[in-house]
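Start at 1 and go down the list; that is how both ligands and their atoms are numbered.
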Amino acid sequence: MDISELVTTAQALVTPGKGILAIDESTGTIAKRFATVSVESSEETRRDYRSTLLTTPELGNHISGAILFDETLRQSTPDGTPLPEVMREQGIIPGIKVDTGAKNLAGHDGEKVTEGLDGLRERLQEYAALGAGFAKWRAVITIGDDIPTSACIESNTHALARYAALCQESGLVPIVEPEVLMDGSHDLDDCFDVTEATLRSLFAQLYEQDVILEGVILKASMVISGSTCEERADVDEVAQATLTCLLNAVPAAVAGIVFLSGGQGDQEATAHLDAMNRLGEFAWPLSFSYGRALQQQALKAWAGNLGNPEPAQSALAHRAKMNGLAAMGEYDPAAEI
Ligand code: 13P
């Protein structure tokens with residue numbers, strides 16, 4: 001394992017003013033997203049959509065890396081250029097989702113554990129050979145009556161740590177993503193407590209597995225009120241609570257922290273990131289790794305203009321730019337279109 005190469009890749013992913021585009025929806029999830037814009041999901045439509053996004057002119061100005069699904073890493077543009085090559089030409093590092101999804105945790109109603117460790121070493125070696133520089137594994141933690149249990153938190157963080165160690169062995173930077181879901185009526189304090197417990201468990205497990213934190217990116221959910229909470233915290237409260245939680249639980253050695261959007265609105269996710277970066281400078285850069293919050297407008301524009309990439313590309317370029325500014329605490333909502 002070449003540690004300096006891992007660290008270089010991790011730092012490049014959180015270059016100031018840049019963040020990560022998450023387009024790694026599984027085949028089932030992308031079919032649901034396409035259904036919202038009345039497009040059937042096929043190998044061809046998925047290739048067209050994702051290659052439209054990845055060939056956006058100057059995307060590399062604000063996007064440092066993109067997380068792909070297995071199929072996309074193997075696809076090419078219509079002129080035959082492999083998508084990982086198109087990305088590298090723009091200075092965008094190809095990443096790959098390697099977990100195989102969150103499954104019901106035995107004996108624990110309403111809780112999930114993410115699978116995918118079997119055969120992972122061999123898959124990672126293949127992905128590295130195909131040009132990937134980093135990987136992603138997402139664990140899901142649900143807040144509800146008497147959950148999450150420590151059994152759920154520990155099963156998930158243990159798997160995340162074993163995945164991270166395998167990634168580093170193969171020269172890939174692991175993005176570790178313990179997502180505390182926004183679904184539910186819980187308040188900001190409940191989200192804070194669960195997020196802190198999850199992060200503390202995660203970093204204990206990473207330590208146990210000898211994972212090098214300088215070569216790790218944390219993909220975090222924000223500390224935010226549940227989606228059906230009656231009194232939702234405002235932007236400044238979310239920013240303050242999230243930072244306090246991260247400062248309590250995330251070692252300074254971690255290369256960077258990127259957020260998922262988790263069902264937040266596009267501009268809401270941008271405003272939260274901006275508010276955090278206005279609170280000061282921290283040991284780790286704070287940036288974005290949004291899926292829906294980067295793609296929503298682009299997806300609609302693509303579906304409404306099949307065969308003409310320009311509207312989708314300009315929608316994506318705009319959101320990438322707004323979030324790139326937010327990653328530096330320089331976002332101005334007046335620049336929204
Ligand atoms: P969202 O930003 O849509 O939550 O997706 C990010 C992601 O990659 C979840 O794993």
Side-chain angles (χ1 to χ4, degrees), residues 13-14 19-34 36-37 49-50 53-54 62-70 72-73 92-103 112-116 132 134-143 156 159-160 163-164 167 173-184 191 195 198 202 217-224 226-227 238 242 256-273 276 286-300 315-316 319-320 322-324 326-327:
L13 287 170
V14 287
I20 298 169
L21 169 64
I23 50 167
D24 58 325
E25 300 84 1
S26 62
T27 309
T29 303
I30 195 73
K32 284 189 212 144
R33 304 265 193 272
F34 278 10
T36 66
V37 290
Y49 174 61
R50 287 164 168 160
L53 298 184
L54 292 170
H62 303 289
I63 297 295
S64 55
I67 316 170
L68 311 180
F69 190 61
D70 178 279
T72 317
L73 193 70
I92 298 172
I93 304 170
I96 179 79
K97 180 232 281 297
V98 301
D99 66 70
T100 55
K103 309 286 160 60
K112 306 260 184 202
V113 63
T114 299
E115 296 186 349
F134 70 102
K136 180 192 106 169
W137 178 292
R138 171 175 175 259
V140 180
I141 307 291
T142 307
I143 302 179
N156 276 293
L160 274 163
Y163 139 83
C167 283
V173 169
I175 293 196
V176 290
E177 180 183 9
E179 175 172 2
V180 177
L181 292 180
M182 216 166 104
D183 305 349
C191 184
T195 306
T198 303
L202 173 63
I217 302 281
L218 171 67
K219 179 158 172 168
S221 42
M222 295 181 196
V223 174
I224 191 166
S227 47
V238 168
T242 303
I257 300 176
V258 294
F259 294 99
L260 58 97
S261 59
Q264 295 181 44
D266 303 3
Q267 294 183 26
E268 185 187 10
T270 309
H272 283 145
L273 177 62
M276 276 184 254
L286 295 174
S287 190
F288 59 93
S289 174
Y290 294 155
R292 284 162 285 177
L294 276 171
Q295 290 183 68
Q296 238 138 223
Q297 296 308 319
L299 177 64
K300 279 189 207 143
L316 175 63
R319 279 271 44 88
M322 295 298 104
N323 285 302

Problem set entry | salt bridge (charged side-chain N to carboxylate O under 4.0 Å, His left out) partners for D70, two or more places apart | R74
Exercise. With respect to R292, which candidate in Q264, R33, E25 satisfies the side-chain contact (heavy atoms from CB on, under 4.5 Å) definition?
Worked result: R33
For this session: Could you name the protein residues that come within less than 4.0 Å of ligand 1, counting only heavy atoms, and order them by chain and residue number?
Result: A22, D24, K136, R138, E177, K219, L260, S261, G262, S289, Y290, G291, R292
Problem set entry | Contacts of F259 that satisfy ring-ring contact (aromatic ring centres under 6.0 Å, His included) - sequence neighbours left out | none
Exercise. Any side-chain donor-acceptor pair under 3.5 Å between S227 and D183?
Worked result: no
Exercise. Between L218 and L202, is any pair of side-chain heavy atoms under 4.5 Å apart?
Worked result: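 Yes. Closest side-chain heavy atoms under 4.5 Å.
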Exercise. In chain order, what residues pass the side chain to side chain donor-acceptor pair (under 3.5 Å) check against D24, with sequence neighbours excluded?
Worked result: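 In terms of side chain to side chain donor-acceptor pair (under 3.5 Å), with neighbours along the sequence ignored, D24 is linked to K136.
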